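Quick notes on the structure that follows.
Remember, it's a predicted structure, so these values are computed and weren't measured experimentally. When a ligand or atom number is given, it counts from 1 through the structure's own listing order.
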Amino acid sequence: MCGIVGYIGAKPASNYLLEGLFRLEYRGYDSAGIAVQSGDTIAVRKKTGRVGQLAELLKASPVTGTHGIGHTRWATHGQPSDNNSHPHTGGNGEVVLVHNGVIENYATLRSQLQELGYVFHSQTDTEVVAHLVAHQLEEELKLGADPDSNATYLRAVELTLKQLKGTYGLGVLFRDKPGLLIAARLGSPLVVGVGKDEHYLASDASPLVGYTDKVVYLNDHEIAMITANSLEILHRDTGSQTPHIRVLEQTASDTELGQFEHYMLKEIFEQPTSIENAFRGRLDDDEATARFGGLNLDPQELRRIDRIVLTACGTSWHAGLVGEYIIEEFARIPVEVEYASELRYRNPPMSERTMVFAITQSGETADTLAAMRECKRKGHPTLAICNVVGSSIAREADGGIYLHAGPEVGVASTKAFTSQVTVLTLLALFMGRIRHLSYPAGQRMIANLRKMPDKIRQTLECHNRVKEIARKYYTAENFLYLGRLHNFPVALEGALKLKEISYIHAEGYPAAEMKHGPIALVDEQTPSVFVVPRCQIYPKVISNMEEVRARRGPIIAIACEGDDKVAELADDVIYVPDVDEYLQPMVTSVPLQLLAYEIALLRGCNVDRPRNLAKSVTVE
Ligand code: F6R
């Protein structure tokens, strides 16, 4: 949430800042702004709306300078407006900064600063930080600190951070100290890119691709003092740190749209490959099991595990629900799936034999990170199922499994979901094989998993059919999504996809639960999407369909190829290939992603940048 960029070197700063903001726009698109320093002048340009609008402003009113900061905003405190846009200025312009996160005690600090005479121009929590740094700087200078020393400015930031409650990723410029950029992190990610006589700053590594492949991830409570030629990192408790430089593996082509109109569509069509990448190198035919390089637990430790907690948010939580069914079925270990936002404050009894997995595409979701930390603090093995290499969750977990799905840019998660389900299936196989799952059963799972990329390719052939169906239903204002067993989480996910990108009210339910309330919503204007591939309780789902039909509710069904029975009951059918039940979610979720996409397009919505949302939710 919110994207930060920074540059300090010899090139015009605005080029990288603007391109970086375009690449980070998925983190928030309520407003955008940059500040560029030239000598003791810091020029600020900021604007409500998308980064494209900022680019227009910069054409009309350019800025020059070789260091600067930028920000794309997802509003928390104060509505989207020019005044509330970042960068914010502190004091009389001595300090200019950008911020990602939430300052919880901002109201108290604001009153104190107002009493000292500081004037506020925005409703944001960030402006408090800007004034506070300016105030601390003034105090330091009054006490005789050297205005030419970087240490004076560092101290002003340190004293400020001590007074903040909440989370922050900060990039700070000082009017009277050109050539210095200070960054600080607590709870909101920041990466420093290391170039030759230049440094970059970004909320994640994507803006750095093509500029440098050397990156340093900041940890919580670290401050970076950055000049063109030097990078010094200090930790609040342990002092000066040697920057740990890693090599970035992402390439520019990973985030190009290619032939596709939108990232969401591109990512839906990448699923045969992303699923294959999730199991590539992890299937062990000889031992009929899965192999993971990074679990960091030996088989003895794993055998002792008698309960698994999966924690996540949103779509990743839905993948966790699918995982619960599959792990319990094959590994016979009880699994609970917890909303991370609840788990972080709950105190459920968890024995020393409980293993925790945080499931996350971005690896930066604030609630998932906090829930994982809480479990880790209690001594549970905490692992991550994560897509973004080097993300906070990936780095803090005791071990984990990467999805290798490639960057997911569309705000609505698609390929990450099917990759998470793939990895959870591998985990079920792995945990099953160190317990009760037989060798032939393991072999069957491996053979079936290998077929999945082709099954998804076949599924994607339904795209034209989905377009027709979308045209028929796109004006509906309510949808129900219904499925049972493995396809119940798919129903939840289908409903989430539709509401987040088309703004249509949609509810996902276990099909049989419908009778306990939601059936009251069924009428001729409310389509019900039944996810009804052949399964052990197929006749029961058919009965649920009958109940909807009896009330004249239109029915769209996702069914297995050749299922004529469903065709008799449903108004419209999307056929998918027949696969074993535990693999159905990978297949049945695909037409639902396409349906949401096509409906959103017909309603004129911005599918890649839906309103009010951001890709990476780094605030609570
Ligand atoms: C929905 C969506 C969100 C995310 C959720 C968790 O399409 O993308 O619901 O799934 O914000 O994000 P990660 O997986 O990055 O932790």
Inset, instruction - Answer yes or no for N387: is there a heavy-atom contact with ligand 1 below 4.0 Å? - result: no
Inset, instruction - Could you tell me whether H463 and F269 have their ring centroids closer than 6.0 angstrom? - result: yes
Legend entry - Note, T311 side chain near E342 side chain (heavy atom, < 4.5 Å): no
Legend entry - Contact atoms of ligand 1, heavy-atom distance to S362 under 4.0 Å: 13 (P), 15 (O), 16 (O)
Legend entry - Residue and atom name of the nearest protein heavy atom (relative to atom 4 (C) of ligand 1), distance in Å to one decimal: T315 N, 4.0 Å
Inset, instruction - Examine T360 against ligand 1 and note whether any of their N/O atoms are separated by less than 3.5 Å. - result: yes
Legend entry - Those atoms of ligand 1 less than 4.0 Å from some heavy atom in A412: 7 (O)
Inset, instruction - Hey, could you give me each pair passing salt bridge (charged side-chain N to carboxylate O under 4.0 Å, His left out) that has a residue in residues 354-371? Not counting sequence neighbours. - result: R344-D367
Inset, instruction - Among all protein heavy atoms, pick out the one at the shortest distance from atom 13 (P) of ligand 1; state its residue, atom name and that distance to 0.1 Å. - result: T365 OG1, 3.2 Å
Inset, instruction - Taking only heavy atoms of K497 into account, list the atoms of ligand 1 that are under 4.0 Å away from them. - result: 1 (C), 7 (O)
Inset, instruction - Could you see which bit of E364 sits under 4.0 Å from ligand 1, with heavy atoms only: side chain, backbone, both or neither? - result: neither
Inset, instruction - Mark up the atoms of ligand 1 that fall under 4.0 Å of a heavy atom belonging to E500, in ascending order. - result: 1 (C), 7 (O)
Inset, instruction - Considering only NZ, NE, NH1 and NH2 on the basic side and carboxylate oxygens on the acidic side, decide whether D572 and R465 come within less than 4.0 Å. - result: yes
Legend entry - Nearest non-hydrogen protein atom, atom 5 (C) of ligand 1: C313 O, 3.6 Å
Inset, instruction - Heavy-atom contacts with S316 under 4.0 Å: which atoms of ligand 1 show up? List them by number with element. - result: 10 (O), 13 (P), 14 (O)
Inset, instruction - Would you check if the distance from the ring center of Y481 to the ring center of Y509 is below 6.0 Å? - result: no
Inset, instruction - If a pair satisfies salt bridge (charged side-chain N to carboxylate O under 4.0 Å, His left out) and one of its residues is in residues 274-283, list it, with sequence neighbours excluded. - result: none
Legend entry - Y325 ring center near H486 ring center (under 6.0 Å): yes
